[in-house]
Chemist: 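Handing you this structure, nothing more for now.
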Amino acid sequence: MKKSKKIIGISIITMVILAILVGIIWYAISNHNIKSNTSKINQLYDKLKAKNSYSLTTILDEKNQMYYAKEDKKAYIHTIYNQNESKFIIKDGNSYLIMENSKTYYTYKNNETNLNKIELQLEALKDREYQKGEEKIDNKKYQYEEYAILTSFAMKETSELTQNQEVKTRFYFKGDKLVYIKTIIEDKQELLKVDISDQVEHELFEIPSDYKEM
């Protein structure tokens, strides 16, 4: 009788262990599937949002590019477009327009609209429907996610865009790394080269001591 009870006890313990193992395996597979089905844009958004500091550069050509850096609750934005150049430092709840030629700066008080510029641009795409594809750029194949939306990443003027025009934005990845962004409006295209880095210069967030406020 005791032997029989012992066998039953062992059987119950074995079944419990098996049930736990099945649960762990199921959980792991479910999580893997969720991750696999999550867009790379969603993953990039979550990754950047969790970072303490990072920088992102978009380059159309030598004369048209944008550099963004973030550290804690500070940001720096340097834009060169169509022969116009602007530099902003965002911190302490304000935005500061930096003018190198005159060594002056102008303060936009209680304005930190672009503090989370990149995250907000990615958030606008989060959980949206997209199409997957593959395309060659400079003889290299890249996987892309295509969204039927015009994003703020586009550098060229889009004020003349009409409601009837077809708009697409493609994000090209090398593995999980974003490397290009292409904006397509009808038969016109704009291709931006993208570089995301953890390297950030701390001095960028400081107004030079010899600059005067306007």
Chemist: Taking C-beta and beyond as the side chain, do Q131 and E145 meet within less than 4.5 Å on heavy atoms?
Modeler: no
Chemist: Can you establish whether the number of heavy atoms outside D72 located under 6.0 Å from its atom CG is more than 12?
Modeler: yes
Chemist: Spell out, as yes or no, whether a donor-acceptor pair under 3.5 Å connects the side chain of E146 to the backbone of Y130.
Modeler: no
Chemist: Measure up the Y68 and Y54 rings against each other and bin them: parallel (under 30°), tilted (30 to 60°), perpendicular (over 60°).
Modeler: tilted
Chemist: For the residue pair F171 and F153, categorise the inter-ring angle as parallel (less than 30°), tilted (30 to 60°) or perpendicular (more than 60°).
Modeler: perpendicular
Chemist: Can E135 and R170 be counted as an ion pair, charged N to O under 4.0 angstrom?
Modeler: yes
Chemist: When you check the side-chain N and O atoms of N116 and K49, is any donor under 3.5 Å from an acceptor?
Modeler: no
Chemist: Can you tell which of N42, I41, T38 makes a side chain to side chain contact (heavy atoms under 4.5 Å, CB included) with D127?
Modeler: N42
Chemist: Distance-only, no hydrogens or angles: does the S95 side chain make a donor-acceptor pair with backbone N or O of N111 under 3.5 Å?
Modeler: yes
Chemist: Under a 3.5 Å distance rule, please check whether K117 uses its side chain to pair with a backbone N or O of A75 as donor and acceptor.
Modeler: no
Chemist: Please confirm whether the backbone N or O of M214 pairs with a side-chain atom of T104, one donor and one acceptor, at under 3.5 Å?
Modeler: no
Chemist: Identify which one of L204, I90, I89 satisfies the side chain to side chain contact (heavy atoms under 4.5 Å, CB included) criterion when paired with I77.
Modeler: I90
Chemist: With a 6.0 Å cut-off on the ring centroids, do Y142 and Y180 count as close?
Modeler: yes
Chemist: Between the side chain of Q189 and the main-chain N/O of I185, is any donor-acceptor distance below 3.5 Å?
Modeler: no
Chemist: Determine whether the side chains of E213 and T107 contain a donor N or O and an acceptor N or O closer than 3.5 Å.
Modeler: yes
